[in-house]
Trainee: 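Okay, handing you the structure first.
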Amino acid sequence: MTFGRTDNSIVSRWWWTVDRWLLSAIILLMAAGVLFAMAASPPKALGLGLPAFHFVMRQLYFIPLALALLIGFSLLTPVTTRRVAIVLFGFFYLCTLSTLVFAPEIKGSQRWLFLGGMAIQPSEFLKPMFIVTSAWMFAQTKRKEGFPGTAIAILLCCIVMGTLLLQPDFGQTILTFVVWGAIFFLAGLPMFMICVLAVCGVAAVIGAYLLLPHVASRIDRFLDPASGDSYQVNTAMDAFTAGGFFGRGPGEGVVKRILPDAHTDFIFAVIGEEFGLIACLIIVMVFAFVVMRGFLKVMREEDPFLFLASAGLTILFGLQAIINICVNIQLMPAKGMTLPFVSYGGSSLLSMAMTMGMLLCFTRRNHYGSMGRPSP
Amino acid sequence: MRHITTIEFDGVGKRAVDNARGRVRVAMAVFALAFAAISLRLIDLGLLSGEATDKRVIAAALDVAPRADIVDRNGVLLATDLTAISVYAQIPRVLNAHDSALKLAGVLPGVSSEVLERKFASGSKFIWVKRKVTPAEYDAVNRLGLPGVGFQREVERVYPHGNLAAHMIGYTNVDGRGLAGVERFFDEQLRKEGPRGEPLHLALDVRVQHALRNEIASAVEEFTAIGGAGLVLDIHTGEIIAMVSLPDFNPNEPGTIANNPELINRMSHAVFEWGSTFKTFTMAMALDEGKAGFRDSFDATNPIRISRFTINDDHPKHRWLTVPEIFMYSSNIGTVKMALQVGTENQKAFLGKLGFFERPHVELKERGAPLVPAEWKEINTMTIAFGHGLSITGLQLAAGYAAVAGDGMLHPVTVLKKPVGYKPEGERIVSQETAYKIQGLLRLVVEKGTGRQADAPSYLVGGKTGTAEKAGGGGYRKKSLVSSFVSVFPVINPRYVTVVMIDEPHGTKKTYGFATAGWTAAPTTKRVIERIAPMLGVPPSDVPTHPVTHDMMQFIQPEVRS
């Protein structure tokens, strides 16, 4: 693609202002996701009586949509993106709320809405929109004297946390809360409040341990693998050690055949077995690159909303990747969390495309530090 | 308006953002640490790889010790480690015992679903479903994709040549420990080197080994013997080029081998009275001590009677015999008289120097201790002179021949390949002149005497027959013979000693009922030499005889020359 610098069309302006490093890294992860789905998903598809490449085809079907969302969001002006995000926050919150009423129970929780034959998990989409909305609230507090932004953000947080816990989706709740806490922290949360929040977090974990039996059992099994069925996690470890540094070779893996969530939450283990730990290290580096690049972009922001929103989205992306990888390599207790862009799954892919589309939008250059000003 | 907004923003917002930048650095540091921890963990997992993650599996794997290969002198593989795959189940991880047992039994022949289900319910955490499955079975089990069912690579020792050199190579138990042969003697070294280490290079040549084993097996069958043994020894280096003991075994099936006395190594472990083959040493001793020369004669007219024994000749001539005649006709009487000339003490010293009173020095654990008379009186001197009353191994017999018919030095024998130009240490037994004379005498036996059937044309074989009765039941058993032939070839500048021994042969129509060495071991030796000489690079020669043999014809009475 070449665009003259004097070309003032929307696309040309986008090309010169968007962070192309970030964009490339994200597209690389999407491509890797398709490649790894080819390796990881056939046994699962065959097990369900579907064609071997059923999941690969579905992933490929979602890719254009994801690209459209990614680029579409990044083409918008930050103001438009913020408005869209707030509207979508309301929409997806209502969807999430409706899962409690309409959604069938799958594996012990209600997370999925079925719309026209398609299953979507509204909470996946809710996360980035909630982060952007909260970031706006915190920013508005700085901007307008007397605006009760912080109070609104705390209220929103309580509402969203409560809803997620009712599903129940403990992993998403923790993730969302931590990201929200992080932007609160960046927004200038006093040290005293940080401590209060940390205590709240710990209390929430202990509360969940005491009140939610499946959380308790997962943590027990992590701390003492012998105490119960740690099948997925143990098998994932077998996959890594079987693969070694160079892997068994694409398609040669055996662990994926017996790992129930090989194509989604445990895809990293399949990569470890078939492509080797060096491939895993490369993936980790790409994620680290995206996160660090995001943070470097954040550092250059002058506008409080853009600053907080980009930081929040970067943290959301990075934290989700870290949690997924840590569960795979047994550094954390098992938790249902997808590996951004790499795991199979339409909701996850599209929500991540929106997340990163918004991040690309908020980190574009030449808006003169103020989101109110039109680009020249 | 817009201008005012900017000022306001620059005032309040900018300070807030500056403060936040410091906090972003904190977040960046936290993320950097997390990614670093993940990378370290991945590297840690990589270093773990290759080791099974389950401790029970590790323990099972450690029991099998991988070993280095064993190869022959030309690098032909004699023993190697192959990886076999075994199927195990970690029962706590098996989701549906009944279903899993049925599916496994369906693809693994010999595995019963009932037995398997009982094992699943046994309360143990780890069981073997089937050891050493075929690749097809492995694939089938893998395709089942059953949780809790895993594969363990196991090392299996494989001997591609089967029985061929079983006694030499030996075998290992299921845990990969050497139980016999060089596998046992070099156990530590083979395990230390490991499967990718330097292989153990034996002096053995599988081609020679095959020819020797084949001929001895034919002889054992032809003469309906209980066993046989053979050896090919390099005179210059002491290397054992081939060693056969029959009956033998298949080292790939170690379960069938243990504690079967029939399977003793008849060359290095079992000791025999060798009979007349031993006379060569009496002759070498007498010649070297100067107690007898080719011109000298001894009275073999009458049997020797001493206490309750009578020493007779198998082919009595009832006359005085010259020294070459005594050897040629294998006269017991003449040999005894020569030994008496040398004397008991000299004989003891001489045989002791040859190492006949201790186990053979060779890199095998299967080494037999000689049976040495507790009291060495004159009668012992007399019987030992013709090979009775002192039992040694075939390996020692061959080493002795290599000394007295080679360069006069006793060199250590070895199963290991030696580098080109290797000069072993040695102890002088007889002078080179004596050794030269012994060569002539050995050739004489093949040209004119009891060993005529060993004469492989153009390979100039020299040798000596020996037919001993086995001791047993308070005396010697006339029908239980040990027929042997020790050859040296070519007899001028000898390069190899061979031993062929047939354990309890029986005569056939073809041999006119004879089971003596001249009719059994000698023709076998001929066939062996004809087969192995080309492999060993011994060129055919048109020299008809040994110069000494030629010269000693004058001491042999004419009538027997025809």
Side-chain angles (χ1 to χ4, degrees), chain A residues 43 47 139 142-143 145 182 185-189 226 229-231 234-235 237-238 240-245 254 256-260 272 276-278 280-281 284-285 287-288 291-292 295-296 298-299 301-304 307-308 311 314-315 318-319 321-322 325-326 329-331 369-370 372-373, chain B residues 2 5-6 8-54 57 90 92-95 125 138-139 141-151:
Chain A
K142 309 262 168 239
R143 269 186 157 171
E145 209 67 47
F185 166 72
L186 294 179
L189 181 67
D229 173 34
S230 44
Y231 178 67
N234 281 344
T235 312
M237 296 312 289
D238 289 347
F240 284 109
T241 47
F245 281 110
V254 291
K256 66 186 180 191
R257 296 174 195 279
I258 51 176
L259 204 54
L277 292 168
I278 290 176
C280 287
L281 282 169
V284 169
M285 274 182 231
F287 277 109
V291 171
M292 292 303 153
F295 277 130
L296 288 175
V298 166
M299 301 279 267
E301 293 294 346
E302 296 293 341
D303 180 276
F307 185 99
L308 293 176
T314 304
I315 292 169
L319 204 58
I322 284 175
I325 292 173
C326 284
I329 59 181
Q330 225 175 352
L331 286 177
S370 161
R373 240 175 243 194
Chain B
R2 191 182 286 163
T5 313
T6 311
E8 192 185 37
F9 170 65
D10 283 348
V12 184
K14 202 171 165 65
R15 210 178 325 115
V17 167
D18 283 341
N19 179 31
R21 281 208 182 91
R23 295 195 167 184
V24 169
R25 286 199 188 91
V26 174
M28 281 176 86
V30 170
F31 271 93
L33 275 174
F35 282 117
I38 287 170
S39 304
L40 284 176
R41 172 71 166 169
L42 282 171
I43 291 165
D44 175 47
L45 285 174
L47 297 177
L48 259 180
S49 72
E51 296 171 30
T53 43
D54 193 294
V57 179
Q90 288 173 273
R93 295 202 202 174
V94 173
L95 294 183
K125 288 191 167 175
Y138 164 67
D139 188 54
V141 174
N142 196 11
R143 274 168 195 283
L144 291 178
L146 293 172
V149 175
F151 303 98

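A, B, ... follow the sequence lines: proteins, then strands. Residue 1 opens every chain.
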Trainee: Working to the nearest 0.5 Å, report the span between CZ of B/Arg21 and CD of A/Glu302.
Mentor: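 One finds 5.0 Å between CZ of B/Arg21 and CD of A/Glu302.
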Trainee: Rounded to the nearest 0.5 Å, what separation is found between the CD1 atom of A/Ile329 and the CG atom of B/Leu42?
Mentor: 5.0 Å
Trainee: Would you mind checking which part of A/Leu308 comes under 4.5 Å of any heavy atom in chain B, side chain (CB onward), backbone (N, CA, C, O), both or neither?
Mentor: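 It is neither, since no heavy atom gets under 4.5 Å.
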Trainee: If every non-hydrogen atom of B/Ala37 is compared with every non-hydrogen atom of A/Leu331, which pair is closest and at what distance?
Mentor: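 Closest heavy-atom pair between B/Ala37 and A/Leu331: O-CD1, 4.5 Å.
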Trainee: State, with a plain yes or no, whether a side-chain heavy atom of A/Val291 is found less than 4.5 Å away from one of B/Phe35.
Mentor: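 Side-chain contact under 4.5 Å: yes.
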Trainee: Which heavy atom of B/Ile43 sits nearest a heavy atom of A/Leu281, and at what distance?
Mentor: CG1-CD1, 4.1 Å
Trainee: Report which part of A/Ala288 has an atom under 4.5 Å of a heavy atom belonging to chain B: side chain, backbone, both, or neither.
Mentor: both
Trainee: So which atom in A/Ile322 and which in B/Phe31 form the shortest heavy-atom distance, rounded to 0.1 Å?
Mentor: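 Smallest heavy-atom distance, with atoms named: CD1-CD2, 3.5 Å.
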